[in-house]
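FYI, side chains are in, hydrogens and waters are out, and symmetry mates aren't considered; it's all heavy atoms of this structure.
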Amino acid sequence: MPESQPQEPPEPDRDARGHGASDHSDAPGAPGPGALVLCGARLADGRTVDVRIDRGRIEAVAPAGGPASSSPPRATRIALAGHLLLPAPAEPHAHHDTALTAEPDAGPAPPSASGHGSRGPDDPGSVRRRTVQAALLQLGHGATALRTHVRIGDAMGLRALEAVLEARHALRGLVELTAVAVPRVLTGTTGSSGLAMLRDAVGMGASAVGGCPDLDPDPVGHARAVLETAAEHGCPADLHTRGADPVRLLRLAAMADGLGPKVTVGPCDGLARLPPGVTARTAEALAAAGITVVCLPQGGCGLLGRAAGDARTAPVRLLRAAGVRVAAGSGALRDADNPVGRGDPLEAAYLLASRGEADPRTAYEAVSEQARRAMGLPVVRIEAGFPAELLAVRGDTVAGALSLAYSRLVIHRGRVVARTSAVREYCDVTDGARPAGPADGHPATGPELPRQSQR
């Protein structure tokens, strides 16, 4: 896959085979068309193994080159010597409806549904294109499952959500994209329409209900409305809050009452500015309720913005010590809240480790295992029987991968869906000699760079 700007994929149910990319049907007893053998990959525990994959799941993990790792007929072999093989990351907190809006779109705007051209970044056609592009960027980084929070209400109504759901359909088979519907106000006279729209959003296909208690005149009432709607429809709840008011979080924990394991809150960076004792008591209440905290180490949230002059994230080490499940997300991706956001889960893990909030292995778990749990997805382990959602990164250890993770191979539902290859070259200079050029009477051939590193 060459380096290029991500392009919108064709509809997967209209490909050359005439069926969806996730269709693995084949003759009985034969390996599926996507059968893979990943050869010579290193695992986080130091083992070097061959991993056999078929029909979207891991079939076997065996010592590299051993008899148990032989390839079935029609399987594709991929050499992964020098790569670390990990469970793929997941993105629990994206904002694709506002992504890639930090700079004006230089390309021509295709006509809108009304035939009068794009009306700007909020036009449903623009939202759909940006959602696809942002999802592909994050897939290239390794995230095979994405949860994007979509604003509903105000002037946009449900149009942005509809556009995101269309993008989800276009991406089917490449990446798993789910949407959280997020109204601004849910209480008082103006909140009744937002509540009705939230219920409509679930009927349209939103997989979770969200909210922003901090932006509502009645934050506690807002949180209660979200939790009640989630319980009514049997779906997860995902709340945006700074967490600067511990009393609100304590009341939220009390209101969750059995729904807690399906409730996430974030980015909760305000907890880092509270006295440690207050934060510890709040963390204990969140842990008791089973609520997950999704932090944003890269900063910037498409609904709450970036805390001015403060680069802190949620106090991950303290939260985990209290028993809180903590996942990490990317937040804003090149929009007004973070114009340089990259949406890279490995960068989020790197920042947690570099700031001392977690060791490298735990930091990576925050963007992989814990992120998947927060999204209600099956856990992935590199063992037989588990889903083949994998990321291969050049390197020998998790710490090395977080430090310098340029080359990546991404596997979703058992097939390679993205590949990034990076080669670094160094000039070979001997005895101070400089490359020959026109001044020497010789044609310029350019510098020779024979020493290569694929780190």
Only distances under 3.5 Å count here; give the side-chain donor-acceptor pairs of residues 135-145 to other protein atoms, sequence neighbours excluded, each with its distance to 0.1 Å.
| unit_1 | atom_1 | unit_2 | atom_2 | d |
| --- | --- | --- | --- | --- |
| Q138 | OE1 | H96 | NE2 | 2.8 |
| Q138 | NE2 | E91 | OE1 | 3.2 |
| Q138 | NE2 | G343 | O | 3.1 |
| H141 | NE2 | R342 | O | 3.1 |
| T144 | OG1 | E389 | OE1 | 2.7 |

Checklist entry - Hey, is R373 close enough to E369 for a salt bridge, meaning N to O under 4.0 Å? => result yes

Item to check | Backbone N/O of D337 and side chain of D335: donor-acceptor pair under 3.5 Å | outcome: yes

Checklist entry - Is there a side-chain hydrogen bond (donor to acceptor under 3.5 Å, both in side chains) between R129 and S126 once you walk through the steps? => result CA-CA 5 Å; R129 289 193 310 276; S126 297; 3.3 Å; yes

Checklist entry - Between the main-chain N or O of R394 and the side-chain N or O of Y406, is there a donor-acceptor pair closer than 3.5 Å? => result no

Checklist entry - Do you know which two heavy atoms are closest between V367 and A348, and how far apart they sit? => result CG1-CB, 4.1 Å

Next on the checklist: The criterion is salt bridge (charged side-chain N to carboxylate O under 4.0 Å, His left out); which residues satisfy it with R47, sequence neighbours excluded?
Outcome noted: D45

Next on the checklist: Taking salt bridge (charged side-chain N to carboxylate O under 4.0 Å, His left out) as the cut-off, I'd like each qualifying pair that reaches into residues 133-149, sequence neighbours left out, listed once.
Outcome noted: R147-D238

Item to check | Residue pair V398 / A44: nearest heavy atoms and the distance that separates them | outcome: CG2-CB, 4.0 Å

Checklist entry - Can you name the nearest heavy-atom pair linking C268 to P315, along with the distance? => result O-CD, 4.2 Å

Next on the checklist: Counting only heavy atoms not in R408 (residues, nucleotides, ligands), do more than 12 fall under 6.0 Å from its CZ?
Outcome noted: yes

Checklist entry - Taking the inter-plane angle between the rings of H149 and H93 on a 0 to 90° scale, is it parallel (under 30°), tilted (30 to 60°) or perpendicular (over 60°)? => result tilted

